[in-house]
Amino acid sequence: MKKTIVWFRKDLRLHDNPALWEAARQGVIIPVFIWSEQEEREYATSETARWWLHHSLIALEKELKSHGLTLILRKGNSFEQLMSICKQTKADAIFFSKRYEPSIINRDCIIATKLLSCVSEVRSFPSNLLFTPEKLLNQKNEPYKIFTSFWKRTMRESVNYPLPIPTNIISYNEALPHLQIEELGLLTNNHWHDKFHEYWEPGEKGAMSKWKEFTNEGLNRYAIESDIPFVQSVSLLSSHLVWGDISVRAIWHAANRLRDDESKEYRQSSIDAFLRQLIWREFAYHQLLHFPKIINNPLRGNFIEFPWRNHDEELSKWQKGLTGYPFVDAGMRELWETGVIHNRVRMVVASFLVKHLLISWVDGSEWFQQTLVDFDVANNAMGWQWVAGSGIDTSPYFRIFNPILQSQKFDPHGLYIRKWIPELAQLPTKYIHEPWKAPTDLLLETGIVLGDTYPHPIIDHSLARIRALEAYELIKNT
DNA sequence: ATTGTCTTCGT
DNA sequence: CGAAGACAA
């Protein structure tokens with residue numbers, strides 16, 4: 001009977017895992033995870049990412065155990081570890097899921113070739129995306145540059161049906177040297193992350209319960225309320241998708257099946273809006289694949305000339321949620337506390353850094369990488385370049401989010417602000433979006449001292465707007 | 001994570 | 001002529 005190593009990567013699940021499924025069909029399964037910090041480089045080295053990974057691995061180990069499988073954990077050079085496992089087990093094949101980060105694609109390609117000296121079969125399977133990104137090209141055989149075009153194209157493609165959890169699992173019974181999860185050294189002594197347990201349950205089970213919750217609640221109202229950060233009618237699946245705790249194809253088909261669910265009367269528009277979000281993720285990977293420099297270089301050449309301000313003090317105020325704009329600050333504090341920001345607010349805080357403070361999106365991107373529990377290279381790079389206007393498909397350069405109007409529109413009762421900025425909680429809704437306009441006696445009454453308990457606005461909105469337009473005007477035709 | 005209009009291509 | 005994609009504002 002054939003023995004297959006299943007090399008787990010960003011597919012930490014048993015359902016819809018083609019590598020696992022095919023391995024099960026062939027015979028004996030040897031599940032392996034290797035933590036190769038050196039090879040991850042810019043992709044997953046932040047503490048938050050590792051916090052998630054650590055706990056997702058615990059969940060995976062448990063799931064595998066319940067199917068009689070022991071997860072072999074190793075750390076170090078992927079190739080060397082795989083070779084050593086091959087030799088120790090005399091495995092016949094190695095199966096794994098495709099990854100799409102540029103340097104990882106390279107690495108995998110080299111490893112796969114070299115491994116053929118030891119096993120007779122090395123196969124990689126698509127599992128993290130709905131479509132095969134390299135196959136989606138326009139009529140000119142070029143990558144898509146505009147989201148709507150890309151989106152229309154994907155509507156003509158079909159998504160593979162998800163595979164079930166294999167039932168005929170045969171485990172490898174001989175003992176193999178392996179590490180305990182703690183020995184991978186993913187967690188630091190920094191207890192900042194402990195609070196994340198209040199919000200997140202990494203792993204397949206946690207992902208399933210988020211999905212269930214979402215289909216019971218948020219999905220019905222998605223088209224109307226997904227932009228209201230206080231309500232959280234969003235799926236909260238982003239970080240599960242990063243590590244493949246849940247299959248995006250499974251989500252796709254499950255959401256589509258709900259169209260016909262008569263007990264719930266899911267609004268078609270809500271389902272469409274949600275699926276559209278998944279296509280944004282695809283589009284991000286499409287861009288990363290074809291324009292790998294998107295990670296830290298502007299895609300539009302003229303942005304090299306952009307007069308970014310280097311201003312550590314203002315950057316730090318933005319990071320801490322001390323800009324004096326309540327909606328922006330609420331978002332940045334939500335990020336620090338929970339490891340995510342609601343998508344609407346994410347756009348506003350990003351726009352604020354780039355357009356109001358004229359600080360390079362790269363600084364913002366790095367902060368997001370360090371703090372987001374759902375950090376995803378492709379999504380993050382696309383998002384920041386969209387906001388900055390330096391990407392291929394971009395926000396109009398003159399579109400400068402007004403942080404006060406956004407606040408009034410998407411947090412009309414100030415509930416989101418009050419949740420994250422308790423020092424402003426007593427302020428009446430009329431002034432919650434712009435506390436500097438509150439009359440002195442009201443501030444006294446509510447115990448707010450501007451410049452002390454809560455900062456003055458870091459910059460006046462209309463001045464910032466004019467300054468940004470001038471800066472963008474400079475590079476417009478270069 | 002826009003919208004309206006123009007260009008191009010294939011019929 | 002319509003559809004798809006590019007592009008300016």
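Just so you know, these numbers come straight off a predicted model, no measurement behind them. The basis for the numbers below is simple: all heavy atoms, side chains too, and nothing from hydrogens, waters or symmetry mates. Chain naming here is simple, since letters A, B, ... match the order of the sequence lines and numbering starts at 1 in each.
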With centres under 5.5 Å and planes under 30°, do A:W280 and B:dA1 count as stacked?
-> yes
Side chain of A:M382: nearest nucleotide among C:dA6, B:dT2, B:dA1?
-> B:dA1
Phosphate OP1/OP2 of B:dA1 contacted by A:N379 side-chain N/O (<4.0 Å) = no
Round to the nearest Å and state the distance from A:I392 atom CD1 to C:dA8 atom P.
-> 15 Å
Between CG of A:L137 and C1' of C:dA4 the distance, given in whole Å, is 15 Å
Residue A:P396, side-chain heavy atoms: nucleotide from B:dA1, B:dT2, C:dG5 that is nearest = B:dT2
Taking CE from A:M155 and C1' from C:dA3, how many angstroms apart are they, rounded to a whole number?
-> 17 Å
Roughly how many Å is it from CD1 in A:I146 to C1' in B:dA1, rounded to a whole number?
-> 12 Å
Would you kindly give the NZ-to-P distance between A:K355 and B:dA1, to the nearest whole Å?
-> 15 Å
With A:F125, the ring-ring contact (aromatic ring centres under 6.0 Å, His included) member among A:W21, A:F95, A:W7, A:F96 = A:F95
Verdict with supporting geometry, A:D363 and A:W308, side-chain hydrogen bond (donor to acceptor under 3.5 Å, both in side chains) | CA-CA 11 Å; A:D363 292 330; A:W308 298 115; over 6 Å; no
How close or far is atom P of B:dA1 from atom CD of A:Q287, stated in whole angstroms?
-> 15 Å
Answer yes or no: does a side-chain N or O of A:R344 lie under 4.0 Å from OP1 or OP2 of B:dA1?
-> yes
Under 3.5 Å, is there a donor-acceptor pair between the side chain of A:S56 and the main chain of A:W52?
-> no
Compute the centroid of each ring, for A:W151 and then for A:F283, and state whether the two points are separated by less than 6.0 Å.
-> no
Round to a whole Å and report the spacing from NZ of A:K145 to P of C:dA8.
-> 13 Å
With a 4.0 Å cut-off on heavy atoms, is A:T148 in touch with a base, just the backbone sugar-phosphate, or nothing at all?
-> nothing
Please determine if A:K10 forms a cation-pi arrangement with A:Y100, meaning its NZ or CZ atom is less than 6.0 Å from the six-membered ring centre and no more than 45° off the ring axis.
-> no
For A:F147, which contact category applies under a 4.0 Å heavy-atom criterion: base, sugar-phosphate, or nothing?
-> nothing
Considering only B:dA1, C:dA6, C:dA4, which nucleotide approaches the side chain of A:R156 most closely?
-> C:dA4
Measure from the side-chain N and O atoms of A:R418 to the backbone N and O of A:A425, and report whether any donor-acceptor pair falls under 3.5 Å.
-> yes
Mark yes or no for whether A:H286, through its side chain, and A:Y144, through its backbone, hold a donor-acceptor pair below 3.5 Å.
-> yes
Spacing of A:K152 atom NZ relative to B:dT3 atom P, expressed in whole Å | 12 Å
Under 3.5 Å between N/O atoms: give me all the protein pairs with nucleotides 4-11 of chain B, atom names plus distance.
none

